[in-house]
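Below: one structure, written as structure tokens.
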Amino acid sequence: MHDILSGELIPVLLGISAEAHETAHRMYREYGVLSHVFCSRVPLAMRFNLCMKFHMIRHTAHEQLMLRALIDFAEQLGNADVILYLIPCTEPFANFVWQHKDLLERRFVIADRPEMLRVWFGEETQKIAGKEEIT
């Protein structure tokens, strides 16, 4: 964990998707932080991505293994003054987070649905969504 500094925002992304890729790049551009991505596989094109650190959890593993991996990750940073920001980047992982919200909330700040969309797609989506709601 030598790549994590005290006082940092640490994006923890769940699942590999276009949203995860864009979120990691945006977090790196805007805040200069590395995103930690928990996923079952890493596409070859992303393996050498400098703004993402991958934590592979086998796809065939039970969701309890993913939960244990997230808790272990948070506990390794237990003494550090960091904010672990959990962002599900696929629909199945969003469901996983809501299902285990009580346990995860003790260790992570969890992005809600509007925040997930804002983080995935940026401020412009929020502005467009706001205009659509007005009309």
Side-chain angles (χ1 to χ4, degrees):
M1 299 289 170
H2 63 279
D3 52 349
I4 297 176
L5 301 174
S6 182
E8 279 193 340
L9 167 75
I10 307 300
V12 178
L13 311 180
L14 298 181
I16 197 68
S17 63
E19 290 81 10
H21 184 261
E22 180 56 35
T23 298
H25 281 275
R26 185 176 286 115
M27 291 289 195
Y28 188 78
R29 278 191 313 267
E30 292 183 18
Y31 306 108
V33 296
L34 183 72
S35 292
H36 290 261
V37 182
F38 286 75
C39 57
S40 61
R41 63 176 179 75
V42 181
L44 187 58
M46 290 188 191
R47 289 206 177 155
F48 303 104
N49 191 316
L50 298 177
C51 56
M52 300 168 95
K53 181 171 183 174
F54 295 99
H55 303 268
M56 300 258 304
I57 307 296
R58 300 182 91 183
H59 181 66
T60 57
H62 192 271
E63 69 180 28
Q64 291 301 317
L65 185 58
M66 176 62 81
L67 192 58
R68 183 76 253 160
L70 289 168
I71 291 169
D72 287 349
F73 179 76
E75 287 176 354
Q76 287 178 16
L77 298 170
N79 294 333
D81 181 23
V82 295
I83 297 169
L84 297 172
Y85 188 39
L86 188 63
I87 307 167
C89 294
T90 66
E91 207 53 47
F93 276 117
N95 294 333
F96 166 81
V97 168
W98 306 142
Q99 185 177 12
H100 300 285
K101 186 176 181 180
D102 291 340
L103 192 57
L104 293 169
E105 270 184 329
R106 297 178 201 164
R107 295 164 178 91
F108 298 90
V109 173
I110 301 173
D112 60 8
R113 174 73 67 195
E115 184 65 9
M116 282 172 24
L117 294 174
R118 188 191 69 73
V119 171
W120 289 354
F121 303 113
E123 298 292 336
E124 50 285 349
T125 301
Q126 193 175 33
K127 291 175 188 171
I128 291 168
K131 289 179 184 176
E132 290 174 0
E133 290 177 6
I134 294 171
T135 58

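Heavy atoms only: backbone and side chains are in, while hydrogens, waters and symmetry mates are out.
D112 approaches W98 most closely through the heavy-atom pair CA-CH2, 3.8 Å. The shortest heavy-atom contact between L50 and L34 is O-CD1, 3.4 Å. Across Y85 and I110, no two heavy atoms sit closer than the pair CE1-C, 4.5 Å. The shortest heavy-atom contact between M56 and S40 is CE-O, 3.6 Å. Contact record, M52 with A20: CE-O, 3.9 Å, taken as the closest heavy-atom pair. Here the shortest heavy-atom pairing between T23 and E19 reads OG1-O, 2.7 Å.
The CD1 atom of I57 sits 11.5 Å away from atom CZ of R68, with the distance rounded to the nearest 0.5 Å. Atoms CE and CZ, on M66 and F96 in that order, are 6.5 Å from each other to the nearest 0.5 Å. A distance of 11.0 Å separates CD in E75 from CG in L70, rounded to the nearest 0.5 Å. Rounding to the nearest 0.5 Å places CD of E105 at 10.5 Å from CG of L86.
In this pair, H25 and H21 present their aromatic rings tilted. The plane angle is within the 30 to 60° band. The aromatic rings of F38 and H55 lie parallel to each other, with less than 30° between the two planes, well short of the 60° mark.
Within the 4.5 Å cutoff, the side chain of L13 has no heavy atoms near those of the F93 side chain. Side-chain contact between S35 and Y28: absent, with no pair of heavy atoms (C-beta onward) separated by less than 4.5 Å. Looking only at side-chain heavy atoms (C-beta outward), V97 and F108 stay at 4.5 Å or farther from each other. No side-chain heavy atom of I10 sits under 4.5 Å from any side-chain heavy atom of V33. Under the 4.5 Å side-chain criterion, counting only non-hydrogen atoms from C-beta, M27 is in contact with I87.
Put simply, the side chain of S17 never gets that close to the backbone of T90: no donor and acceptor are under 3.5 Å apart.
Checked against side-chain contact (heavy atoms from CB on, under 4.5 Å), E22 has the following partners two or more places apart in sequence or in another chain: R26, R29.
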